[in-house]
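For reference, the structure is listed below as structure tokens.
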Amino acid sequence: MSTQVAESQQQQDAKTFPGMLQQFKKEIAAALPKHLNADRMARIALTAFRRTPKLAECDPRSVFAAVIQASQLGLEPDTLGR
């Protein structure tokens, strides 16, 4: 895959919620308290996103912002809709 195609794919992926979780994992880590880590938060958020189809209808930036806010509060999104 050429570099230009790879960069284009990365930009496109960054517009999706799963892509944003990967691209901005450092920002998630910076927002989290010390007892949580970014990989765990990303996995939990992605699971909640995939189990809640209505979230796919939302702007990915707003869903990602909710993950950042939960991170700042030290809360993990759950898959029960809370």
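Taking all atoms of both residues into account, the shortest heavy-atom contact from V67 to A45 is CG2-CB, 3.8 Å. When all heavy atoms are compared, the tightest approach of C58 to V63 is CB-CG2, 3.7 Å. Among all heavy-atom pairs drawn from L46 and P18, the shortest one is CD1-CG, 3.7 Å. Among all heavy-atom pairs drawn from P77 and M41, the shortest one is CD-SD, 3.5 Å.
Qualifying side chain to side chain donor-acceptor pair (under 3.5 Å) partners for R50, counting only residues two or more places apart in sequence or in other chains: none. A search for side-chain contact (heavy atoms from CB on, under 4.5 Å) contacts involving L36 returns L32, P33, E76, not counting sequence neighbours.
The number of heavy-atom neighbours closer than 6.0 Å to CD of Q69, taken from other residues, nucleotides and ligands shown, is 12 or below.
Of the residues listed (Q22, M20, K26), the one engaging F24 in a side-chain contact (heavy atoms from CB on, under 4.5 Å) is M20, and it is the only one.
Atom CD of residue Q23 and atom NZ of residue K15 lie 11.0 Å apart, to the nearest 0.5 angstrom.
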Before giving the answer on side-chain contact (heavy atoms from CB on, under 4.5 Å), spell out for L55 and F17 the whole-Å C-alpha distance, their side-chain angles and the decisive distance to 0.1 Å. CA-CA 9 Å; L55 287 176; F17 177 69; over 6 Å; no

